Amino acid sequence: MTEQIQPPLLQVVRGEPSAEELAALTVVVAALSQRRPRRRPTPVGAWAERADVLRRPLLAGPGGWRASGRAS
């Protein structure tokens, strides 16, 4: 069997990091590589608007049509 040599994932180009520093760097790089991209929130249509649930009830009677258009 022939083994293919892979290039190193990390390479120190300056300085002499300790074993602990290399371990910390490896953990951070591994954690970042496992991150999944954030999904965008699903847009909510006007039919599901929370403001409709929170508004005051519509009142029947004189001036009711005016009150229906006012904000809370």
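Because only heavy atoms are used, hydrogens play no part in the values below, and waters and symmetry mates are left out as well, while side chains stay in. Position 1 is the first residue of the sequence, and the numbers go up from there. Small disclaimer: the values here were computed from a predicted structure and weren't measured.
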Given the rule in the side-chain contact (heavy atoms from CB on, under 4.5 Å) test, do Leu22 and Val12 qualify, once you have shown the distances and angles that lead to the verdict? CA-CA 9 Å; Leu22 283 176; Val12 178; 3.8 Å; yes
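- The side-chain contact (heavy atoms from CB on, under 4.5 Å) test with Val29 singles out one residue from Thr26, Leu25, Leu32, and that residue is Leu25.
- A donor-acceptor contact shorter than 3.5 Å is absent between the side chain of Gln34 and the backbone of Ala31.
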